[in-house]
Novice: 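Let me give you the structure first, and then I'll get to my questions.
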Amino acid sequence: MSLAAELERALHYPLGDQLPPPGRATELRPGVKWLRMQLPFALDHINLWLLRDRFQGREGWTVVDCCIDRPESRALWQQLFEHELDGLPVLRVVVTHMHPDHIGLAHWLCERWSTPEHECRLWISAADYQTARYGCEVVNSFGGERLAQYFRSHGMTDPDHLEQIRHRKSYYRNLVPAVPPSYARLIDGQQLTIGGQAWRCIAGWGHAPEHMALHCEQLGILISGDMVLPRISTNVSVYEMEPEADALTLFLGSIDRFKPLPADTLVLPSHGKPFTGLHTRIQQLHDHHRDRLAEVMAAAHEKPVSAHDVLPVLFKRPLDLHQTTFALGESVAHLHRLWHGGQLRRERDGEGIWRFAPV
Ligand SMILES: [Zn+2]
């Protein structure tokens with residue numbers, strides 16, 4: 001059995017292998033529905049949630065996360081509107097963070113469900129709202145020359161790869177063509193009342209600027225977004241906008257913020273299946289990163305390493321360019337934790353590449 005499968009066996013999936021059929025939902029608790037949509041990426045699906053709501057005197061639903069904007073996902077939403085809302089409207093759209101699979105269709109959902117009497121509002125953290133606006137309104141927001149220079153400084157020297165990154169001008173806008181022009185702000189610790197129940201916002205860092213998970217004590221449910229996933233480890237990357245970030249330290253500190261939650265909490269992750277075993281999973285993620293950091297340290301003891309040198313240490317499979325960009329960001333995040341933690345120092349070599357060596 002693979003290590004991943006073995007770790008997964010320590011978690012419990014109360015619904016077994018059952019998945020919501022396309023265009024339909026699975027009810028997890030009265031008024032809490034699980035939806036699933038396909039994504040055209042290596043990570044091939046996302047989970048979304050519908051919460052029965054009563055908001056400003058109106059009966060309806062709160063949507064949590066939206067999927068990317070493409071005709072297939074709009075069509076699935078249409079089916080869900082027809083079959084899963086009991087004839088009621090969507091009253092608000094909560095988005096855990098600004099990544100395209102979560103926010104892509106927020107603009108369409110908010111517009112579709114706003115009426116002269118009621119504005120269907122996007123609810124999201126301020127940092128993620130503004131980053132999403134930036135991503136879809138600024139040409140070259142997450143690509144272009146600056147990103148190519150950044151990857152080069154971390155050891156990506158293949159001219160073809162660099163050229164492709166220079167020309168990647170509208171990656172975000174292709175998946176998120178618009179973001180609602182206004183929003184309601186989610187803040188760490190804030191209580192949202194959804195359908196008469198209190199949901200507490202728990203901020204997390206290291207994966208997105210300011211990710212919001214939602215915990216409902218009464219229902220024993222945590223909507224964990226991408227912060228705690230049952231099968232894969234969350235992408236934790238350092239990118240060119242904040243090049244000295246210590247994203248991995250932020251992430252590991254953030255998942256510890258879920259530790260006070262009850263052991264039997266049902267976790268609703270954005271990818272994978274609802275599970276219990278939150279504390280086991282948090283420990284597994286700590287163990288995973290501790291082992292990776294030890295491997296990176298061992299490599300740095302052999303010779304000073306760039307983030308690119310560390311890729312085969314962290315990722316034991318071949319990577320295409322798209323995967324390499326994510327992987328390189330992760331690789332920098334591991335090196336930076338060791339650098340900020342005082343175990344590695346860094347220096348630019350004659351080629352302008354950051355090399356990390358033991359202190
Ligand atoms: Zn994400």
Side-chain angles (χ1 to χ4, degrees), residues 34-49 63-70 73 93-107 122-136 141-143 171-176 179 183 186 188 201-214 222-242 245 247-248 250-255 257-258 267-275 281-282 285 288-289 322-333:
W34 170 26
L35 328 172
R36 195 170 162 103
M37 290 189 188
Q38 294 305 304
L39 293 174
F41 311 123
L43 183 55
D44 65 359
H45 71 277
I46 180 166
N47 298 320
L48 316 169
W49 318 98
V63 163
V64 182
D65 286 339
C66 309
C67 201
I68 56 168
D69 192 347
R70 61 173 187 154
S73 29
V93 174
V94 172
V95 167
T96 55
H97 64 295
M98 50 71 66
H99 291 159
D101 43 340
H102 300 261
I103 202 174
L105 275 171
H107 71 104
L122 165 66
W123 295 61
I124 187 172
S125 73
D128 279 62
Y129 177 72
Q130 285 161 21
T131 311
R133 283 285 296 265
Y134 170 82
C136 87
S141 51
F142 301 121
Y171 168 73
Y172 193 80
R173 288 196 294 176
N174 286 339
L175 305 169
V176 189
V179 172
Y183 76 111
L186 297 179
D188 184 47
C201 295
I202 304 177
W205 302 275
H207 173 66
E210 194 177 12
H211 183 290
M212 285 296 167
L214 293 167
L222 172 69
I223 295 178
S224 65
D226 277 352
M227 291 301 287
V228 182
L229 303 172
R231 185 184 291 233
I232 54 173
S233 70
T234 300
N235 178 275
V236 178
S237 284
V238 175
Y239 282 124
E240 91 287 2
M241 197 188 263
E242 196 190 345
L248 185 52
L250 288 176
F251 176 77
L252 293 173
S254 299
I255 58 175
R257 306 185 81 220
F258 299 119
V267 184
L268 309 189
S270 294
H271 311 285
K273 292 172 291 187
F275 70 96
R281 188 58 186 144
I282 291 170
L285 291 168
H288 168 82
H289 288 295
H322 183 70
Q323 291 167 322
T324 302
T325 60
F326 284 110
L328 207 51
E330 288 234 22
S331 183
V332 178

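Atoms within each ligand, like the ligands themselves, are counted from 1 in listed order. Since the structure is predicted, the reported quantities are computational estimates derived from the model, not experimental observations.
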Novice: Could you verify whether a donor N or O on one side chain and an acceptor N or O on the other, from Gln38 and Asp44, lie under 3.5 Å apart?
Specialist: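 No - no donor-acceptor pair under 3.5 Å links their side chains.
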
Novice: Taking the Zn ion (ligand 1) as the reference point, name the nearest N/O/S atom of His207.
Specialist: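 Result: NE2.
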
Novice: Tell me, with the steps shown, if Tyr129 and Tyr183 meet ring-ring contact (aromatic ring centres under 6.0 Å, His included).
Specialist: CA-CA 8 Å; Tyr129 177 72; Tyr183 76 111; 4.0 Å; yes

Novice: I'd like to know if the side chain of Ser125 pairs up with that of Asp128 as donor and acceptor (distance under 3.5 Å, no hydrogens or angles considered).
Specialist: yes

Novice: Hydrogens and angles aside, do His97 and Asp65 bring a side-chain donor and acceptor to less than 3.5 Å of each other?
Specialist: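 There is no such pair between these side chains.
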
Novice: Nearest 10° is fine: what angle sits at the Zn ion (ligand 1) between ND1 from His99 and OD2 from Asp226?
Specialist: 180°

Novice: Does His97 put an N, O or S atom under 2.8 Å from the Zn ion (ligand 1)?
Specialist: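 Given the 2.8 Å cut-off, His97 counts as a ligand of the Zn ion (ligand 1).
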
